[in-house]
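Let me begin by presenting the structure, written as structure tokens, before commenting on it.
All of these numbers come straight from a predicted model, not from anything done at the bench. Scope of the values below: all heavy atoms of this structure, side chains included, with no hydrogens, waters or symmetry mates. Remember, it's 1-based here, ligands and their atoms both numbered in the order they're listed.
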Amino acid sequence: MLDTGRTARRLESYVSGAWRAGQGEAKPLAHAATGEVHALISSDGLDFAGALDWGRRTGGTALRRHTLHERALMLKAIGQALMAGKDEFYAESLATGATPRDAWPDIDGGIGTMLTFASKARRELPNAHVLPEGPVEMLSRDGSFVGQHILTPLEGVAVHINAFNFPVWGMLEKIAPALIAGVPCVVKPASQTAYLTELVVRRILEMQILPEGALQLICGGVGDLLDHVTGQDAVTFTGSAQTGQKLRTHPAVVQNSVRFTMEADSLNAAILGPDAGPGTPEFDLFVKEVAREMTAKAGQKCTAIRRVLVPAAHEGAVIDALRATLDRTAVGLPDDAQTRMGALVSLGEREGVRARIREIAAEAEIVCGTPDEVRLSSGDAARGAFLNPVLLRCADPFTARAPHEIEAFGPVATVMAYDGVEEAVALAKLGKGSLVSSVFTNDTGVAAEMVRGVAAFHGRIMLGNRDSAKSSTGHGAPLAPLVHGGPGRAGGGEEMGGMRGVKHFMMRSAIQGTPRLLAAVTGEWVPGAPAQQDIHPFRKSLADLRIGDQIVTDRREITEADVEHFAHFTGDTFYAHMDREAARANPFFEDRVAHGYLIASFAAGLFVMPEPGPVLANYGVDHLRFLAPVYFGDSLQVRLTCKQITPRDGTVYGEVRWDCCVTNQNQEVVAQYDVLTMVAKTWPLTE
Ligand code: NDP
């Protein structure tokens with residue numbers, strides 16, 4: 001059982017290179033489940049403008065000296081070390097009221113998100129300071145003036161103002177993309193659970209992996225910090241809509257066009273498909289998911305299911321099934337093995353949730369739970385912020401406002417009946433923009449209609465059915481590779497989404513100029529930029545290979561015999577290669593044509609070096625296009641140019657992307673693609 005005899009820890013902030021305690025009297029933070037004072041918090045007297053300046057000058061400058069991969073590697077090392085020492089975070093997390101199972105998405109989920117970002121960044125981004133984006137655009141007929149988008153790190157600070165419900169994940173999912181982008185962070189956790197964030201930040205800083213100034217922490221209020229934000233800073237906010245709107249319209253944020261991302265109240269819906277009646281696997285999955293989302297973290301999740309939309313015919317069955325599950329939910333101390341649901345974060349929050357339930361209940365009836373009487377399996381409801389799950393039913397969901405507008409941030413949801421898919425879509429939209437909704441159906445038509453109907457109002461939609469019952473990550477879990485955020489009431493923000501999340505902290509600029517100058521900016525070869533031809537580039541290891549190293553091959557003629565042989569050898573006897581009359585009747589061809597893959601194969605035959613050498617393997621092609629037909633008698637030539645070099649950390653090789661351009665005897669481009677190879681860092685290979 002919980003150790004309630006410990007002394008309260010006075011939290012500190014880490015700003016301008018040192019841990020600092022706030023001045024004056026600190027505010028006590030109560031343990032969610034026991035009511036004892038767990039920590040003391042104050043940021044009074046800190047120099048907030050100085051912290052921003054320190055981050056920009058010290059942290060930003062140091063981070064920008066590293067490449068995208070180097071920064072990602074720092075996060076990998078931090079993530080691995082945090083994972084190894086996570087037990088103390090779980091112990092500290094009990095004070096937030098969360099059971100260990102509830103803490104998993106916060107702690108393991110947060111560290112896992114950081115590791116995913118670190119891994120994806122090294123797989124998907126170049127090992128460079130500048131991130132090119134999209135194709136090179138031809139801006140002149142002769143190719144002498146081209147354009148491309150590039151991204152570079154903002155030169156300010158990312159200020160992350162987080163909610164109380166995910167003290168670890170909320171920080172890590174935001175600092176990971178910002179730090180990979182090269183932007184230092186100032187984290188301001190919600191006061192109520194800041195002790196857990198503070199502990200994690202202490203461990204991160206003790207590792208001394210991040211450069212000084214890359215990560216700062218404010219425990220307590222942010223004082224006048226927002227008065228000092230500039231157009232190079234970014235502010236992300238998670239919390240109540242009321243605070244979010246206040247911060248979004250802060251004069252400095254508005255005047256300086258500060259990037260502001262907000263994630264706020266969201267009345268997320270779970271929709272039971274009309275096909276998913278009692279007795280179907282989807283019905284059971286739906287009930288299980290709604291009950292789980294209501295009770296996980298005591299319903300204190302921005303993605304939790306608040307609105308339960310069900311076909312009118314199944315409303316009674318859904319309520320009965322939910323009631324049976326919710327009534328069985330043991331509420332108690334978070335470290336009690338019997339407990340299925342822990343405490344809300346504070347007694348104040350519990351009163352807030354009770355007040356919201358009363359507001360919703362003015363337009364709905366409570367069908368399960370008693371908000372003002374708490375039944376516990378352990379703990380003391382007078383001291384701990386416990387509350388049993390409360391299910392409401394709204395009989396008139398199209399005229400009622402409260403169930404669609406009031407977020408009771410606890411184990412609370414409202415069941416509403418619909419008649420037909422159109423009505424379900426209309427009800428979901430009454431939430432005026434949500435982070436996520438889920439649709440439980442095994443009917444492809446229902447899935448397609450529902451998603452098309454509600455997608456514009458949602459950042460994420462999860463489709464649940466029998467086939468993904470075991471593998472589904474569930475309604476409530478935001479995932480690092482997918483976007484998290486929602487329009488309208490949900491705040492209008494977008495986070496994560498893989499490398500999209502990194503770009504939120506970078507500036508996209510359109511660069512125009514000659515290919516030579518553009519290549520110098522991006523570090524990648526573009527057609528028209530200078531190239532050098534000395535020894536065959538496949539004979540060069542990464543130690544010698546340079547961007548722009550090029551080979552122009554001999555020519556090879558394509559004969560009818562080649563095409564016949566290739567067709568019968570591969571089995572690809574498509575008529576355009578085999579049947580003259582049929583080929584001529586085809587609007588694209590004047591005669592029989594060579595196979596596209598034969599062209600690519602001949603191209604490889606022209607440019608590879610047969611002997612063992614530094615090119616270790618070919619692992620694919622990108623952007624392959626066959627641009628003009630190749631007829632018998634045409635002769636092919638290849639121009640292969642080293643376009644991008646990405647050394648891999650911890651291995652003996654790197655990845656090299658080659659621009660491959662195949663032309664015919666008239667200098668027409670017949671095929672264009674990128675060849676992807678793995679090339680040894682040195683040759684011969686060393687151990
Ligand atoms: P708040 O909006 O009060 O706080 C969110 C964050 O903003 C906290 O870090 C808070 O710090 C900070 N903050 C508050 N006022 C200011 C200010 N003037 N300037 C700068 N920062 C400020 O939300 P809570 O976390 O207290 O939760 C209240 C309600 O918000 C919940 O009951 C729930 O309804 C909703 N909520 C919604 C979430 C969602 O994602 N949908 C997530 C969490 C909450 P401090 O704690 O120090 O005040």
Side-chain angles (χ1 to χ4, degrees), residues 11 13 22 26-27 29 32 39 41-44 46 48 96 106 159-167 169-171 173-174 186-198 217-229 235-253 258 260-268 293 297-306 344-357 359-360 385 387 405-412 431 433-436 459 476 478 484-486 488-493 495:
L11 306 184
S13 298
K27 186 179 146 200
L29 302 173
I41 190 165
S42 166
S43 61
D44 292 354
L46 295 184
F48 298 105
T96 70
D106 188 32
V159 178
H160 302 303
I161 301 175
N162 291 333
F164 64 76
N165 52 344
F166 284 100
W169 177 85
M171 168 174 68
E173 62 101 4
K174 290 190 177 88
V186 173
V187 175
K188 185 267 178 280
S191 294
Q192 188 57 48
T193 55
Y195 42 85
L196 179 50
T197 314
E198 194 232 38
L217 173 77
I218 295 172
C219 287
V222 294
D224 64 353
L225 182 132
L226 286 182
D227 293 342
H228 305 287
V229 291
V235 177
T236 67
F237 170 83
T238 304
S240 65
Q242 199 185 6
T243 311
Q245 298 299 359
K246 192 163 108 187
L247 302 188
R248 167 183 271 161
T249 53
H250 187 287
V253 172
V258 176
F260 189 90
T261 306
M262 171 167 157
E263 194 216 299
D265 309 357
S266 178
L267 279 298
N268 313 296
E293 284 297 318
K297 271 191 107 63
Q300 300 169 109
K301 291 199 309 182
C302 50
T303 53
I305 294 168
R306 307 285 177 210
L344 296 179
V345 76
S346 67
L347 293 174
E349 271 295 305
R350 182 172 68 181
E351 284 322 299
V353 172
R354 283 175 171 158
R356 301 288 95 73
I357 294 172
E359 289 174 54
I360 300 171
L387 188 72
E405 292 186 355
I406 292 171
E407 184 188 41
F409 208 64
V412 184
S434 301
L435 295 172
V436 54
H484 174 56
R489 187 192 302 280
E495 297 173 357

- Could you tell me which atoms of ligand 1, counted from 1 in the order shown, lie closer than 4.0 angstrom to a heavy atom of Ser191? 45 (P), 46 (O), 47 (O)

- Query: Taking heavy atoms and a distance under 4.0 Å, where does Val222 meet ligand 1: side chain, backbone, both or neither?
  - Reply: side chain

- Backbone, side chain, both or neither: what part of Ala194 comes under 4.0 angstrom of ligand 1, heavy atoms only? neither

- Message: Using a 4.0 Å cut-off to any heavy atom of Ala163, which atoms of ligand 1 qualify?
- Response: 42 (C), 43 (C)

- Query: Where the side chain of Asn268 meets the backbone of Arg306, is there a donor-acceptor pair that is under 3.5 Å apart?
  - Reply: no

- Message: So if I count the atoms of ligand 1 from 1 in the order they appear, which ones are less than 4.0 Å from some heavy atom of Leu247?
- Response: 17 (C), 19 (N), 20 (C), 21 (N)

- Task: Record the part of Gln300 in heavy-atom contact with ligand 1 below 4.0 Å; permitted values are side chain, backbone, both and neither.
- Result: neither

- Query: For ligand 1, which atoms, with element, lie under 4.0 Å from some heavy atom of Pro189?
  - Reply: 9 (O)

- Task: Report the member of Ala241, Gly410, Cys302, Gly239 with the shortest heavy-atom distance to atom 37 (C) of ligand 1.
- Result: Gly239

- Task: Could you tell me whether a side-chain N or O of Thr197 sits under 3.5 Å from a main-chain N or O of Pro167, the two making a donor and an acceptor?
- Result: yes

- atom 14 (C) of ligand 1: nearest protein contact (heavy atom, Å): Thr243 CG2, 3.4 Å

- ligand 1-proximal atoms of Val353, by part, heavy-atom distance under 4.0 Å: neither

- Per-atom contacts, ligand 1 versus Glu407 - under 4.0 Å to a heavy atom: 33 (C), 34 (O), 35 (C), 37 (C), 41 (N)

- Task: Consider ligand 1: state whether an atom of it lies below 4.0 angstrom from any non-hydrogen atom of Gly352.
- Result: no

- Query: Counting only N and O atoms by type, is there a donor-acceptor contact under 3.5 Å from the side chain of Ser266 to the main-chain atoms of Leu435?
  - Reply: yes

- For atom 45 (P) of ligand 1, is the nearest protein heavy atom under 4.0 Å away? yes

- Indicate, with yes or no, if the rings of Trp169 and His484 have centres closer together than 6.0 Å. yes

- Test: Lys188 cationic atom under 6.0 Å from Phe48 six-membered ring centre, within 45° of axis: no

- Query: Given Val159, Ile161, Asp224, which one has a non-hydrogen atom that is nearest to atom 7 (O) of ligand 1?
  - Reply: Ile161

- What residue and atom, counting heavy atoms only, is the protein's closest point to atom 23 (O) of ligand 1, and at what distance? Ser240 N, 3.5 Å

- Nearest heavy atom to atom 9 (O) of ligand 1: which of Asn162, Val345, Thr238 does it belong to? Asn162

- Task: Can you sort out which atoms of ligand 1 are near Ala190, meaning under 4.0 Å from one of its heavy atoms?
- Result: 8 (C), 9 (O), 46 (O)

- Item | Contacting atoms of ligand 1, where contact means under 4.0 angstrom from a heavy atom of Glu349 | 28 (C), 31 (C), 32 (O)

- Please state which part of Phe409 comes within less than 4.0 Å of ligand 1, counting heavy atoms only: side chain, backbone, both or neither. side chain

